[in-house]
Participant: 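Okay, handing you the structure first.
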2 protein chains.
Amino acid sequence: MPLAESRNASRRILSAARAIAAREGAGRITIDAVAKESGLSKGGLLYNFPTKKALLSGLLDQMLAEHRDLLGSVPEQHPLRTLRGHLETALQSEGVTDDLSIAILAAAALDPPLLDPLRVELADDLERIVSETQDAPGAMVAVLAIQGLRFQKLLNLPDGGADLRDRAIERLRTMIDELE
Amino acid sequence: MPLAESRNASRRILSAARAIAAREGAGRITIDAVAKESGLSKGGLLYNFPTKKALLSGLLDQMLAEHRDLLGSVPEQHPLRTLRGHLETALQSEGVTDDLSIAILAAAALDPPLLDPLRVELADDLERIVSETQDAPGAMVAVLAIQGLRFQKLLNLPDGGADLRDRAIERLRTMIDELE
DNA sequence: CAACGTGAACCGACCGGACGGTACAGTTTT
DNA sequence: AAAACTGTACCGTCCGGTCGGTTCACGTTG
């Protein structure tokens, strides 16, 4: 099963990279470190990801794929499904230490163009979100708040405490509900 | 005038670092590059900022100082002044190429603890914002949206076009007005 | 006043280590 | 036998930081 194993190796490598980023910061994602963490040899890692850019863009791809999956899991006929999906994606990794979106940081710091796939995906989603509502500015504010949520978690910025944060999320939800 | 001149040198160095970050990405902030960009020698730069960490934390300090200044410029008796100030700070660098908040990226990538001063400042602001309103969750959502705005600009993420973005900001403003 | 000394600000060559990537001969897996 | 590695040696570059100067404005001293 060469293909399946290759995927397994890729996943192991990517999650190793995430672990390092979560533990020591995005800047510490080096080929040697990731190889060590994943249990592969350096050669083996470079067999799967021939360059560091490929590794980082693999991280982003994985993130985008997970994002797409979650979006797809929102019932088809649901109004504002893209917006709701976005909220869920942002909330999903709640509590998980190694937030995948750290890849964004690493990619942006190393080579900003790596973020291009993310940009087109996001532009797509935005368009869809706007088309799903009559209140485009309101939806946009919601999108901004969701992005703020991601940013906050990503950088471990203060959130006013779990209580306030939960109530804010609840508020966001009702805001979205009333948007329709 | 050693002190004043030193400050000028520091400012020149910091703005050089910002220019590089804006042009080539936060990851390209190296001591050599900043020295070259600022017109100083490497030794001269290291005289002003003995380590790279010091340089990056200097960037953050500058950003926080500017932020505080803008917050202070909001009329004292204005209700919700801290929240409004936050919005203005986020909007202020509109169009300016070298967004200072790139320092956040650089710092987070190189050494996450460097963000600690930002965290305490933000926690302070949050507390003040909450104390200035009866609708804490609503204010929190506004804060999140503002942070999302920053994030979006920082990473050059799509914003649905200038038109939609402006309308969303307008909406955010009225949301804040009605918060009081 | 001139000789000397001092410290701040700055220069730039250099060092050592980290890092991305190559190469390649062997080993295991399918 | 091909694919998927392992293990390691190696290369060149980049980068952070050191260090021994140099310049110069400013006292201090004889």
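In what follows, chains are A, B, ... by sequence order, proteins preceding strands, each numbered from 1.
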Participant: Report the distance from atom NZ of B:Lys36 to atom P of D:dC14, rounded to the nearest whole Å.
Facilitator: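 Rounded to the whole Å, the gap is 11 Å.
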Participant: Do you know which two heavy atoms are closest between A:Leu164 and B:Pro137, and how far apart they sit?
Facilitator: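 Of all heavy-atom pairs spanning A:Leu164 and B:Pro137, the closest is CD1-N, 4.1 Å.
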Participant: From CZ of B:Phe49 over to P of C:dA9, roughly how many Å is that when rounded to an integer?
Facilitator: 13 Å
Participant: Using a cutoff of under 3.5 Å, can you pull out all pairs of nitrogen or oxygen atoms linking the protein to nucleotides 20-22 of chain C, with atom names and distances?
Facilitator:
unit_1: C:dG20; atom_1: OP1; unit_2: A:Lys52; atom_2: NZ; d: 2.7
unit_1: C:dG20; atom_1: OP2; unit_2: A:Ile31; atom_2: N; d: 2.9
unit_1: C:dG21; atom_1: OP2; unit_2: A:Lys52; atom_2: N; d: 2.7
unit_1: C:dG21; atom_1: N7; unit_2: A:Lys42; atom_2: NZ; d: 3.0
unit_1: C:dG21; atom_1: O6; unit_2: A:Lys42; atom_2: NZ; d: 2.7

Participant: Determine, for A:Asp124 against A:Arg119, whether the closest basic-nitrogen to carboxylate-oxygen distance falls under 4.0 angstrom.
Facilitator: no
Participant: Do side-chain atoms of B:Arg167 reach the backbone of A:Ala136 as a donor and acceptor pair under 3.5 angstrom?
Facilitator: no
Participant: Would A:Val34 and A:Lys52 count as a side chain to side chain contact (heavy atoms under 4.5 Å, CB included) if you check the C-alpha gap in whole Å, the side-chain angles of each, and the deciding distance to 0.1 Å?
Facilitator: CA-CA 10 Å; A:Val34 174; A:Lys52 186 176 181 181; over 6 Å; no
Participant: For D:dC5, does OP1 or OP2 lie under 4.0 Å from any side-chain N or O of A:Tyr47?
Facilitator: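 Checking D:dC5 against A:Tyr47, no side-chain N or O comes under 4.0 Å of OP1 or OP2.
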Participant: Please write out the pairs of protein N or O atoms and N or O atoms of nucleotides 26-28 of chain C separated by less than 3.5 Å, giving the distance to one decimal.
Facilitator:
none

Participant: Are any of B:Asn48's side-chain N or O atoms less than 4.0 Å away from OP1 or OP2 of C:dC10?
Facilitator: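 Indeed, a polar side-chain atom of B:Asn48 lies that close.
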Participant: For a quick test of reading the model, state the closest non-hydrogen atom pair linking A:Phe49 to A:Leu55 and the distance between them.
Facilitator: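 Answer, listing the atom of A:Phe49 first, then A:Leu55: CD2-CA, 3.7 Å.
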Participant: Is there any side-chain hydrogen bond (donor to acceptor under 3.5 Å, both in side chains) pair reaching into residues 129-146 of chain A, and which pairs are they, with sequence neighbours excluded?
Facilitator: A:Thr82-A:Glu132, A:Asp135-B:Arg171
Participant: Of all the heavy-atom pairs spanning A:Arg81 and A:Glu76, show the shortest one and how long it is.
Facilitator: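 A:Arg81 and A:Glu76 have their closest heavy atoms at CD-O, 3.3 Å.
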Participant: Quick check: closest heavy atoms across B:Ala90 and B:Ile146, and the distance to 0.1 Å?
Facilitator: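 Minimum heavy-atom contact is CB-CG2, 3.7 Å.
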